[in-house]
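Everything on this sheet refers to the single structure shown next.
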Amino acid sequence: MNQNDKKRAAAEAAIRYVDGGIIGVGTGSTVNFFIDLLAKRSRDIEAAVSSSEATTRLLRAAGIDVIDLNQAGTLSVYVDGADEADKHRHLIKGGGGALTREKIVAAASRKFVCIVDDSKLVPVLGHFPLPVEVIPMGRSYVSRTMIALGGQPVYREGFVTDNGNQIVDVHNLAITDPVALEQHIGGIAGVVTVGLFAARPADTLLVATDNGIETIE
Ligand code: 5RP
């Protein structure tokens, strides 16, 4: 099975968790397979809350009603991908730059189902550079604090988030305690969101492998 087949398989497995109500939809190539499948079941859900402008466009093109989170209350389920995941369901997200809205939607959801292919499952997070969304004027300051933490920050040049901010991708961080690091980086002045999803991990991690779907709960 190639990587796209696995992404599609993970998306198919996530469809089973959609059970009416208002659902949250993440961002990225794996979730795009989920949106394709959701299009055929649009009558089974009330509406969707989107984690990015890109996903909003795809959902609307699929005939799915997209509403503001402020009008939605608690979401029944949130389905999203990840850049890296460990067996504790801690994640690195934000490769697509949608981490802030993704973290808000995850927080507002009763259940967070994360869909990945098995190349994303790692023993220790941090091989994938950790995205940090920053207020533009704080970018250099935040980058210096990342160096002090032992990382190598790289400014994602030419990229502006849906919130009008910038992203610094931090390479070579040893993320042995994701919950503590999320809390620490999240508290640095100028940081909007750090792409560690550990304090609120996924509830269910669906990993597509050559031998089928592995469910980690
Ligand atoms: C976007 C994300 C995505 O979930 C993550 O980048 C995974 O994307 P893909 O499914 O394309 O590999 O966090 O901000």
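Computed from a prediction, not measured in an experiment: that's the story for all the values here. Whatever order the structure lists ligands and atoms in, that order sets their numbers, starting from 1.
- Within a 6.0 Å sphere centred on CD of Glu53, other residues, nucleotides and ligands contribute more than 12 heavy atoms.
- When only non-hydrogen protein atoms are considered, atom 12 (O) of ligand 1 lies nearest to Lys120 NZ, 2.8 Å.
- The closest heavy-atom contact to atom 7 (C) of ligand 1, among the options Gly95, Ser51, Gly28, Ala82, comes from Ala82.
- Counting the atoms of ligand 1 from 1 in the order shown, those under 4.0 Å from a heavy atom of Asp80 are 4 (O).
- Nearest protein neighbour of atom 4 (O) of ligand 1, counting heavy atoms only, is Lys93 NZ, 2.9 Å.
- Near Glu102, the atoms of ligand 1 lying under 4.0 angstrom from a non-hydrogen atom of the residue are 1 (C), 2 (C), 13 (O), 14 (O).
- Between the side chains of Ser119 and Asp117, at least one donor-acceptor pair of N or O atoms lies under 3.5 Å.
- Two residues are said to be in side-chain contact when any heavy atoms from C-beta on lie closer than 4.5 Å; Glu182 and Pro178 fail this criterion.
- Below 4.0 Å from some heavy atom of Gly97 lie the following atoms of ligand 1, by number and element: 14 (O).
- Residue-ligand proximity, Thr27 to ligand 1, at heavy-atom distances under 4.0 Å covers atoms 1 (C), 2 (C), 3 (C), 4 (O).
- In this structure, Asp19 places its CG atom where only 12 or fewer heavy-atom neighbours from other residues, nucleotides or ligands lie under 6.0 Å away.
- Atom NE2 of His171 sits in a crowded spot, with more than 12 heavy atoms from other residues, nucleotides or ligands closer than 6.0 Å.
- Counting heavy atoms from C-beta on, the side chains of Val113 and Val77 come closer than 4.5 Å.
- The closest non-hydrogen atom to atom 9 (P) of ligand 1, taken over Ser29, Gly195, Ala54, Gly81, comes from Ser29.
- Protein heavy atom closest to atom 6 (O) of ligand 1, with residue, atom name and distance, is Asp83 OD1, 2.6 Å.
- Proximity to Lys7 (heavy-atom distance under 4.0 Å) selects the following atoms of ligand 1: 12 (O).
- For the ligand labelled ligand 1, residue Gly26 lies outside the 4.0 Å heavy-atom shell.
- With a 4.0 Å cut-off on non-hydrogen atoms, Val31 does not touch ligand 1 at all.
- Taking every heavy atom of Gly96 and a limit of under 4.0 angstrom, the matching atoms of ligand 1 come to 1 (C), 6 (O), 14 (O).
- Those atoms of ligand 1 with a heavy atom of Gly94 less than 4.0 angstrom away are 2 (C), 13 (O), 14 (O).
- The shortest distance between side-chain heavy atoms of Ile175 and Ile92 falls below 4.5 Å.
- Less than 4.0 angstrom separates some heavy atom of Thr30 from each of these atoms of ligand 1: 9 (P), 10 (O).
- Geometrically, Arg139 engages Tyr155 in a cation-pi contact defined by less than 6.0 Å to the ring centre and at most 45° from the axis.
- Partners of Asp68 by salt bridge (charged side-chain N to carboxylate O under 4.0 Å, His left out), not counting sequence neighbours: none found.
- When every heavy atom of Ile67 is checked against every heavy atom of Ala72, the shortest pair comes out as CD1-CB, 3.8 Å.
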